[in-house]
Amino acid sequence: MKDLYIMGIESSCDETSVSIVKNGTTEVATVISSQIDIHKSYGGVVPEIASREHVKNITIVLEECLEKAHMTMEEIDAIAVTYGPGLIGSLLIGLEAAKTLSFLYNKPLIPVHHIAGHIYANSLVKELAFPLLAVVVSGGHTELVVMRKHYDFRKIGGTLDDAIGECYDKVARVIGLEYPGGPKIDKLSSLGKKTYKLPIPLKDDSYNFSFSGLKSAVINLVHNEQQHNREINKEDLAASFQSVAIEEITTKVRKAITEQNIKNVLVAGGVAANNALRNALTSLANELNVNLSIPPLKYCTDNATMIAAAGFYAYKAGRIADLRLNSKSQDELK
Amino acid sequence: MKYLYIDTSSSYLYSAIADDSKLICEVKKDLGHTLSEEALPEIVEMFRKNNITPKEINKIIVVDGPGSFTGIRIGITIAKVYAWSLNIPITTISALEAMALSLNDKSYRVPVLDARRDYVFAAIYQDNMTEIMLPQHIKIVDLLHKIEQIEDFHIITNDTLEMFQNIKPYDPDLFKIISSSKTKQEINPHAVNPKYLKLTEAEEKNGH
């Protein structure tokens with residue numbers, strides 16, 4: 001079979017990224033231009049600033065990626081792009097770039113859902129095996145997705161309110177950690193003990209999650225302690241919060257593995273970088289005797305490598321768009 | 001020589017392909033909220049209908065603002081990716097300059113775009129296109145004060161701005177715009193970026 005080289009373009013939030021992946025599994029070259037330092041002073045991503053940075057960066061990142069791969073646009077077989085979900089103004093830059101290249105070089109245009117990208121980040125490590133349960137955990141998503149074959153997604157549950165990463169960032173802000181605070185909570189909590197009592201979020205029979213109650217409980221606790229002039233033990237609070245947040249995930253993952261007859265579990269999204277979550281899911285997988293795949297850290301955050309990888313399988317599944325493709329700030333994975 | 005012009009700075013797509021003697025084809029279409037979807041397909045349609053291939057274009061002229069932030073970025077992204085990937089010379093023109101160029105009257109030309117909250121984007125040109133006031137984000141009262149001092153002028157706008165008189169609607173003369181900007185100095189495509197003429201709200205609050 002002839003090798004297929006897919007170019008991936010990702011600009012859904014604050015990273016402009018372009019990548020070339022061979023056959024959906026082998027990374028040829030990736031370039032990521034992160035804006036994190038620009039948004040830091042605002043305490044979060046400012047959409048209009050993100051869009052302005054993407055338009056400045058897009059051709060530079062494209063050029064660097066081709067140079068790194070020692071390839072030309074003519075050698076690319078298809079162009080995959082994140083069409084959503086994400087920040088609409090940011091998505092548009094990658095989308096217009098991909099559409100333009102598709103026109104200029106007469107290459108197929110492949111629309112990729114951002115979450116499909118996170119799931120297929122795992123295919124850069126080892127080919128996916130089915131049936132699988134994808135645990136999608138990021139700043140914008142907390143979802144359980146069952147796949148019985150390639151590019152066949154069935155969402156069985158998701159967050160009813162905040163995404164887990166969003167909850168981490170908000171809790172981090174309340175205890176005074178600089179944006180992005182999520183990863184800092186993970187670090188702090190390894191130094192602390194579970195001394196603060198926090199409510200277990202959603203004890204029900206669904207595969208859904210809820211994080212806003214937990215977030216409010218932490219905020220109230222911090223305010224209450226401050227009113228009584230009591231010092232917060234940040235390490236202990238981080239440890240207490242993290243243990244509840246992760247238990248919320250593992251409880252529903254356990255239920256899904258057992259009830260859906262799952263043999264393979266993969267973790268996808270930025271929060272897959274969280275050590276406590278990695279450890280908890282590793283022991284759960286051992287206990288239930290299922291295979292667990294967690295992508296290396298570089299594939300956990302937003303990148304175009306995963307978009308190109310997913311793009312390969314989307315292409316195989318015949319998911320080709322015309323030049324009317326538009327970006328969508330929200331869209332179900334299907 | 002063939003030139004491609006792209007302006008997506010409003011809800012309208014204004015695009016054309018011209019050679020040195022005439023317009024070959026043009027699109028003037030209000031795409032409303034479908035600009036991101038339809039702009040590129042409309043441009044591609046011009047190429048297809050006239051059997052022109054992307055590589056035949058000798059220079060790209062793109063409007064770099066002011067106007068709708070999202071709109072400007074759509075046109076700029078298409079144009080800079082095009083110019084960079086096929087190594088085609090590219091240059092930019094202000095939306096306000098394009099508006100002024102399209103007027104034929106012997107008078108001062110004051111292109112105006114609504115920027116909301118008592119502000120507009122505006123510039124002032126003489127009839128020979130000498131810039132009297134550079135394109136800028138200006139308070140409406142300040143602009144009114146400036147135009148009080150010039151005798152014979154036309155406001156060029158398609159926006160509803162009732163405080164102005166002597167208004168002429170903007171209908172771009174695409175051949176004239178292309179002819180007058182085709183000799184402008186070419187810019188490295190990486191450096192072709194929107195000129196918003198206005199900071200983001202977050203930057204303003206942060207005191208940048």
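Everything numeric in this text was worked out from a predicted model, so none of it was measured. In what follows, chains are A, B, ... by sequence order, proteins preceding strands, each numbered from 1. Side-chain atoms are counted along with the backbone in the values below, which use heavy atoms only and exclude waters and symmetry mates.
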At a heavy-atom distance under 4.5 Å, which candidate from A/I58, A/L323, A/L104 has the highest pair count against chain B?
A/L104
Taking every heavy-atom pair that is under 4.5 Å apart, which of A/H54, A/R52, A/K56 has the most such pairs with chain B?
A/R52
B/T70 versus chain A, heavy atoms under 4.5 Å apart: side chain, backbone, both or neither?
side chain
Within a radius of less than 6.0 Å around NZ of B/K184, do more than 12 heavy atoms belonging to other residues, nucleotides or ligands occur?
yes
Check the side chains of B/E203 and B/T200 for a donor-acceptor pair under 3.5 angstrom, ignoring hydrogens and angles.
yes
Side chain, backbone, both or neither: which part of A/I60 has a heavy atom under 4.5 Å from chain B?
both
Under 4.5 Å from any heavy atom of chain B, what part of A/I88 do you find: side chain, backbone, both or neither?
neither
More than 12 non-hydrogen atoms from neighbouring residues, nucleotides or ligands closer than 6.0 Å to NZ on A/K155, yes or no?
yes
Check each atom of A/V55 against the heavy atoms of chain B and say whether the ones under 4.5 Å are side chain, backbone, both or neither.
both
Within a reach of under 6.0 Å around NZ of A/K334, are more than 12 heavy atoms found that belong to other residues, nucleotides or ligands?
yes
Within a strict 4.5 Å, meaning less than it, do heavy atoms of the A/Q35 and A/T16 side chains meet?
yes
